[in-house]
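Worth knowing before you read on, the calculation uses all heavy atoms, side chains too, and leaves out hydrogens, waters and symmetry mates.
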Amino acid sequence: AEYFEQSFIEEITVKIRKACGYDDSQLIIMDDVVNKIGFSLKKFEDDTNINGKVLNSASTKEIHINTKSDRNERFTISHEIGHIILHHKDYNGEEIITDYRTEDNEYNQKEFQANMFASAFLMPKSESIKVWNKVQDIDVFAKLFDVSRKSARVRLSILGLIK
């Protein structure tokens, strides 16, 4: 897997937000962004540990989200968008099914990068700093960005705003 700097991922998320018509202060409407990048959102329900997956081929462009997952749905969708943006650039018309649940390091790195993407996409750096300086409360912060408390905590920590 290619190594992406945090700063590069931050820049990409800002570009994608802008391309989809969102500035840093706006809450992203997930269905809207999924459609704008040319995909459709499908929901499935099962008890596996799969939160989401991507089907990317000439004929099928779908992001599938497990409604039984305990993960925040917005984060899961953003995570899958991260895979599409960061990891599908070699796409040449063959079907890509994103299922990175293997135990090698490339998997871990891709998952980590997709999480970084999702985090920056939902909680842009400039806005996160501004909001945190105002509220100084993880629960309020999480609510304002419509993310889980855990996602908020990780993001604030990455940005060096909390220990």
Side-chain angles (χ1 to χ4, degrees), residues 1-39 41 50-54 56 61 63 65 69 71-92 96-163:
E2 205 175 323
Y3 175 73
F4 296 118
E5 294 282 343
Q6 169 84 28
S7 57
F8 173 78
I9 292 177
E10 299 272 352
E11 281 166 35
I12 282 202
T13 59
V14 170
K15 283 183 182 146
I16 300 216
R17 285 179 72 100
K18 276 206 182 93
C20 292
Y22 293 89
D23 68 30
D24 283 358
S25 69
Q26 290 169 296
L27 207 59
I28 284 179
I29 298 158
M30 295 317 301
D31 295 36
D32 177 52
V33 170
V34 169
N35 294 335
K36 281 179 176 162
I37 66 164
F39 281 71
L41 198 56
I50 300 173
N51 297 311
K53 62 182 177 188
V54 177
N56 188 354
K61 297 206 172 293
I63 294 175
I65 299 302
S69 165
R71 207 164 160 194
N72 176 294
E73 204 170 271
R74 289 166 55 76
F75 192 89
T76 300
I77 297 166
S78 298
H79 173 99
E80 299 306 332
I81 291 171
H83 280 308
I84 293 163
I85 303 295
L86 299 171
H87 306 135
H88 289 194
K89 59 184 180 308
D90 304 329
Y91 172 68
N92 57 7
I96 298 176
I97 297 177
T98 301
D99 186 353
Y100 294 121
R101 289 167 311 134
T102 54
E103 281 314 307
D104 60 45
N105 284 336
E106 181 169 357
Y107 154 82
N108 290 330
Q109 193 169 340
K110 282 184 171 175
E111 287 302 296
F112 179 72
Q113 290 172 350
N115 282 340
M116 270 182 15
F117 178 96
S119 183
F121 192 60
L122 294 174
M123 297 167 272
K125 186 175 184 175
S126 62
E127 194 63 18
S128 294
I129 293 166
K130 207 187 304 177
V131 168
W132 179 251
N133 288 336
K134 220 180 335 196
V135 301
Q136 301 272 315
D137 178 305
I138 291 176
D139 293 309
V140 175
F141 181 91
K143 205 181 191 115
L144 288 170
F145 286 97
D146 196 6
V147 295
S148 69
R149 188 173 203 280
K150 183 183 169 205
S151 294
R153 178 181 284 286
V154 169
R155 181 65 172 150
L156 290 165
S157 163
I158 285 171
L159 294 173
L161 297 169
I162 59 170
K163 283 204 167 22

Q: Please work out whether the ring planes of F121 and F117 are parallel, tilted or perpendicular, with thresholds of 30° and 60°.
A: parallel
Q | Between CG on residue L27 and CG on residue L144, distance to nearest 0.5 Å | A | 9.0 Å
Q) What pair of heavy atoms forms the shortest contact from F75 to S119, and how long is it? A) CE1-N, 3.8 Å
Q: Test K61 against every option in I84, V34, I37, N56 by the side-chain contact (heavy atoms from CB on, under 4.5 Å) rule and name the one that passes.
A: N56
Q) Taking 4.0 angstrom as the limit, do R17 and D23 come out as a salt bridge? A) no
Q: Please report the closest heavy-atom contact between Y22 and D32, naming both atoms and the distance.
A: OH-OD2, 2.5 Å
(Q) If I compare all heavy atoms of P124 with all of D24, which pair ends up nearest, and what's the gap? (A) CG-O, 3.5 Å
(Q) So, taking the atom named CD in E73 and the one named CE in M30, what distance separates them when rounded to the nearest 0.5 Å? (A) 9.5 Å
Q) For the side chain of S148 and the backbone of N72, is there at least one donor-acceptor N/O pair under 3.5 Å apart? A) no
**Q.** Distance (rounded to the nearest 0.5 Å) between N108 CG and E111 CD
**A.** 8.0 Å
Q | Ring geometry between H79 and H83 (parallel below 30°, tilted from 30 to 60°, perpendicular above 60°) | A | perpendicular
Q: Write down the atom of D139, the atom of D137, and the distance for their closest heavy-atom approach.
A: N-OD1, 2.8 Å
Q. How long is the gap from CD1 on I29 to CG on D146, to the nearest 0.5 Å?
A. 11.5 Å
Q) Any donor-acceptor pair under 3.5 Å linking the side chain of R74 with the backbone of L122? A) no
Q. Is there any salt bridge (charged side-chain N to carboxylate O under 4.0 Å, His left out) pair reaching into residues 153-163, and which pairs are they, with sequence neighbours excluded?
A. E10-R155
Q.
Quick check for you: to the nearest 0.5 Å, what is the distance between I77 atom CD1 and F39 atom CZ?
A. 13.0 Å
(Q) What's the separation between atom CD in E11 and atom CZ in F4, rounded to the nearest 0.5 Å? (A) 12.5 Å
Q: Sequence neighbours left out, what pairs pass salt bridge (charged side-chain N to carboxylate O under 4.0 Å, His left out) with at least one residue falling in residues 112-135?
A: E127-K130
**Q.** Non-hydrogen atoms of S128 and L159 that approach each other most closely
**A.** CB-CD1, 3.6 Å
Q.
Show, in sequence, the C-alpha distance, side-chain angles and deciding distance for W132 and I138, and conclude whether the side chain to side chain contact (heavy atoms under 4.5 Å, CB included) test is met.
A. CA-CA 8 Å; W132 179 251; I138 291 176; 4.0 Å; yes
(Q) Is it the case that over 12 heavy atoms from other parts of the model lie below 6.0 angstrom from the NZ atom of K36? (A) yes
Q.
Going by side chain to side chain contact (heavy atoms under 4.5 Å, CB included), name the residues that satisfy it together with K143, two or more places apart in sequence or in a different chain.
A. none
Q: Please name the pair of heavy atoms, one in A152 and one in F141, separated by the smallest distance, quoted to 0.1 Å.
A: CB-CD2, 3.6 Å
